[in-house]
Amino acid sequence: MASSTTFFNQQASNRRKSLLLLISVGVLLGALGFAAGFGATGDPFGGLWFTAGAVVLAVLLASGSYFAGDRIVLAASQAKPVTQESHPQLMNVVREMSLAANVPMPRVHVIEDSAPNAFATGRDPRHASVAVTTGLLEKLDREELQGVIAHELGHVRNYDIRFMLLIGVVVGGVALLADLFLRYTFFFGGRGGNRGGGRGGGNPFQIVMLVVAVVLAILAPIAARLVQMSVSRQREYLADASAVEFTRNPTGLEQALWKIGTDREVLEVANRSTQHLYFVNPLKKLEASASSVWATHPPLADRIDRLRSLHSAGPLTEDERAILSRR
Amino acid sequence: MEFIILLVILGVVVLLALVVVALYNGLVQRRLRVDEAWSQIDVQLKRRHDLIPNLVNAVRGYMEFEQETLQNVTQARADAVAAGAQGPADQAQAENALTGTLRSLFAVMENYPDLKANQNVLSLQEELSTTENQISFSRQHYNASVRDYNTAIATVPAVFIAGMFGFSRRDFFEAEPEAQQVPEVRLR
């Protein structure tokens, strides 16, 4: 009973965080828009116009990602939907795990890629998709596949999918807008300055605003990405815990993490904007600095150690950790 | 004066009626949840009953020396089908026995490399594993909803109306005992 309360709390906290994220990004963009507009045109009304533009763009981006984000992500990863006939075992395992997680059966997709990996996406458990690579299906046995699918359905049940969908697009959007503003501000900054000069003397406020806009435009994408990374790492531990709750078997997931961790294939369809969705980080060169603040996933060895402690096996030895980090 | 007393009595009666309606609806909803959870298990149990004869027929040709194991499975299946009409408690017992015999069959099948190359047998085995897993994962939802319902009809306030409207306790679908039967290994 205790665990379901915790997971209920986690769901609620994820929903709260999603909302908080949207609001803070909105405020950030509004401020950026105002500063840039003021700085560029030299009067507060110009600032307000820019603010309105930024907020409208932010709302469009957020609602676009909310309703179409899963399809975009699936299309970008070249995931193809599968049926019971074509992939009976995969479908069976997903059905079992959705029973255990008490969520509706998600749509199931397969990515043609020999690197073993998986992700879940969607805006809520009713509109959820799970995608696995063909490499995962080939390299894992049934028990391990069950662990991976359980982990992904953990993301679905905990509403991580919604959060990750929004944060992925929002981080991209903030970067895009900041970039746009930087270019725009310098372009109009010259003209605005001339006009100010015509009125007799530069507006010192305008210059301050310009500086603020530039600073915001540089810091905003960094801040957004930092938030994304730290939240993403916590979600992974939680999804591992959920997987064990569903399967009542930490060994499957543990072996899956080990197999995938020691696999050397590179997932070609993954990139910086989708890396946080995956079961393990698909961008191998980023794995070396996995414990840094920029990582989307906790170090694999730490995830495995947490699972091992559940069935009272000792932590990995130094040699084993070395094998994992040598990817 | 009398009018006011009448109004008060009427108010109390209406209030009581509303409370009874609310309690009744709550119980019906819980009972419905139990029925839904049960039908989820039931579908899988029936599916398993349908799959087993196919598997037995598919492996019979390969396993000349294991007729006894096959017979146990067939017998356990017949018992489970017969127990289908006797409610969850008896059914659980028969189904658990069936699960045990199936496990021994799968264990014995490991000794026949030909079987592991047979696509038909493999897919039947996969189907049976998934039904078994789905039964066990549905079971926890069923038992949770039974616990919820049984607690509701046995505690204040619903206990006062549960008997009146014929809400009776439901059986749990018990898991097999923790000490699972180790499949018999025969060295010949």
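Convention: sequence-line order gives letters A, B, ...; per-chain numbering from 1.
Atom CD1 of B:Ile4 has 12 or fewer neighbouring heavy atoms from other residues, nucleotides or ligands inside a 6.0 Å radius.
Once rounded to the nearest 0.5 Å, the distance linking CZ of A:Arg142 with CG of B:Asn133 reads 5.5 Å.
For the ring pair (Phe, Tyr, Trp, His ring centres under 6.0 Å) test, no residue two or more places apart in sequence or in another chain qualifies with A:Phe246.
Residues of residues 121-129 of chain B lying under 4.5 angstrom from chain A, judged on non-hydrogen atoms, are B:Glu126, B:Glu127, B:Ser129 by number. Using non-hydrogen atoms only and a strict 4.5 Å limit, no part of residues 117-125 of chain A faces chain B. Heavy-atom proximity under 4.5 angstrom to chain B picks out A:Gln84, A:Pro88, A:Gln89, A:Asn92, A:Arg95, A:Glu96, A:Met97, A:Leu99, A:Ala100, A:Asn102 from residues 81-114 of chain A.
Within the 4.5 angstrom heavy-atom criterion, only side-chain atoms of B:Gln140, from C-beta onward, approach chain A.
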